[in-house]
Amino acid sequence: MSRAVLEPYRIKMVEPIRLTSRNEREALLQEAHYNMFLLPAEAVTVDLLTDSGTNSLSAEQWAALMIADESYAGSKSFARFEETVRDVFGYTYVFPTHQGRGAERLLFSVMCKAGDLVPNNTHFDTTRANLTDFGVECADLLCAEGMDLQLRHPFKGNMDVEALRTLLREKRERVPMVLLTVTNNSGGSQPVAMANIRAVSAACREFGVPLYFDACRFAENAYYIQQRENGYSGKSIEEIVREMFSYGDGLILSGKKDALSNIGGLLCTNNGALVPRLRERLVLTEGFPTYGGMAGRDLEVMRVGLREGMDANYLAHRLGMTEYLGARLREQGIPIAEPAGGSSVFLDARGFLPHLKLEQLPASALAAEIYLEGGVRTVEIGSAKLSSGETMSLVRLCLPRRVYSQTQLDYVADVIGDVWKRREEIGGLEYEFKPEILPAFSAYYRPLSAVTEQELATAD
Ligand code: F0G
């Protein structure tokens, strides 16, 4: 047997978890309208809702917090932050924002106008919603491998470069930039290969279009390149990160992911011509350019986190844990999107509950059952078309960084295994209330009535 995947840290502070009974969870689910986002966190045993802002800080981050400079303008904390960001990513101009969404809006406000078209491998929900809010059309150009749930391929986050070239050939004048999301969160947390980044960059250069990265999980992507791509096993994560970003013109980043912070975001660019407008928009919407949307303390935490997030031992453990959880589910016969992704493992809700139709919201129904079974909070992820022509429906198990132990993941695998055993009894849900923008965050659901179930069953 191979050795256990060792946590390269030890626990210094603990936070108790309150355990709940099944009856309690049943009542809580009803009160939360079966939406995982509306549950009180206190009633969650293992919280795999997101890896965003849920990270544990290190001793060094807590220490950095104490030396923060809270000056409104020109703080030492910003100078240190800017120096680190430039060194890690290699871009010249650095703008802090309160989180990823702040950076998205800032970039789109200076680059895009109504009627434009922005391609991405897969737009994350908030990116898509923000672009749509600016009147911009979004194109997802994920490679064919990325649209086959069962296929094991090392870089299922790659962009379809031929599709990008075709789009640029036909619609160049509508495209103010190309975005590339590393890792590709909505497409199963799958990485993008260096060869693909290079090819996307070459296409962008050929057509004179800027390339920006949505770089939240930059370190996990770099680790996969080191492990899986020819020619990179001898390179450090830091070197790989520098190379990845050398092919682009800038990035937007949520510090709440690989930068191991609880809040914060970032926009970088090499385009000096954008700087006056970026400063203007930043002052108007986030704050003075040397703090953006962040306290000096948050700048310090993110500065240290950016480096710690690239530690090879930490990354080996983190990605080893998603692989471990994936293996524990697979061995029980539970259908997951293959392979396990960077920060997450995705359950294939349609494979798990084949008796439910898409209108019966299998992913939301499965997330609710997993919570009911053992207090494990997961999240339903928006649907997209697969290469088979079917629409996928996924439940994401997303691991906060440096938070849960292997025993807690074993518990998660056991709970989902118990739901799997009684899968045939699980009924569907329907919307009680569906907001227009980002519905997953605040929708109300309710169990389908027996009559509606009957109608759907006989519909075809
Ligand atoms: N881009 C990607 C790829 C993301 O995963 C997220 C957030 C954002 C942008 C927006 O960043 O939350 O700081 O405003 N993803 C979280 C998630 C919410 O759960 O995957 P933010």
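Both ligands and their constituent atoms are indexed starting at 1 by order of listing. We're numbering straight along the sequence, starting at 1.
Among protein heavy atoms, the minimum distance from atom 4 (C) of ligand 1 is reached at F124 CD2, 3.4 Å. With respect to atom 9 (C) of ligand 1, the closest heavy atom belonging to the protein is E104 OE2, 3.2 Å. Among all protein heavy atoms, the one lying closest to atom 10 (C) of ligand 1 is T126 OG1, 3.4 Å. Here the heavy atom of the protein found nearest to atom 21 (P) of ligand 1 is Q99 NE2, 3.3 Å. Atom 12 (O) of ligand 1 has as its closest protein heavy atom R101 NH2, 2.8 Å.
Contact atoms of ligand 1 toward T181: 3 (C) (distance under 4.0 Å to a heavy atom of the residue). Listed by number with element, the atoms of ligand 1 under 4.0 Å from a non-hydrogen atom of R396 are 17 (C), 19 (O), 20 (O). Less than 4.0 angstrom separates some heavy atom of K256 from each of these atoms of ligand 1: 13 (O). Of all atoms in ligand 1, numbered sequentially from 1 with element shown, those under 4.0 Å from a heavy atom of C216 are 1 (N), 2 (C), 3 (C), 4 (C), 9 (C). Taking every heavy atom of T50 and a limit of under 4.0 angstrom, the matching atoms of ligand 1 come to 17 (C), 19 (O). Taking every non-hydrogen atom of G100 and a distance limit under 4.0 Å, the qualifying atoms of ligand 1 come out as 11 (O), 13 (O), 14 (O), 21 (P).
With a 4.0 Å heavy-atom cut-off, ligand 1 is reached by no atom of H98.
Ring centroids of F433 and Y444 are separated by less than 6.0 Å, placing the two rings close together. The aromatic ring centroids of F155 and Y224 lie 6.0 Å or more from each other. Two rings, from Y291 and F78, have their centers 6.0 Å or more apart. Under the 6.0 Å cut-off for aromatic ring centres, Y247 and F213 do not qualify, their centroids lying 6.0 Å or more apart.
For ligand 1, one of its N or O atoms has an N or O atom of D214 under 3.5 Å away.
Taking all heavy atoms of L266, N185, I252 into account, the minimum distance to atom 20 (O) of ligand 1 is reached by N185. Between the choices H123, R128, K257, the shortest heavy-atom distance to atom 15 (N) of ligand 1 belongs to K257.
When each of K257, K256, R217 is tested with D51 by the rule salt bridge (Lys or Arg N to Asp or Glu O under 4.0 Å), just one qualifies, namely R217. Of the options V118, D116, T127, a side chain to side chain contact (heavy atoms under 4.5 Å, CB included) to F108 is made by T127 and by none of the others.
In this structure, E162 and R165 have side chains that are in contact, with non-hydrogen atoms separated by less than 4.5 Å. Here the side chains of N270 and D249 are not in contact, with every heavy-atom distance at 4.5 Å or above. Residues S254 and E104 are not in side-chain contact: their nearest non-hydrogen atoms beyond the backbone lie 4.5 Å or more apart.
In the model, Y404 has no side-chain atom that pairs as donor or acceptor with a side-chain atom of D47 under 3.5 Å.
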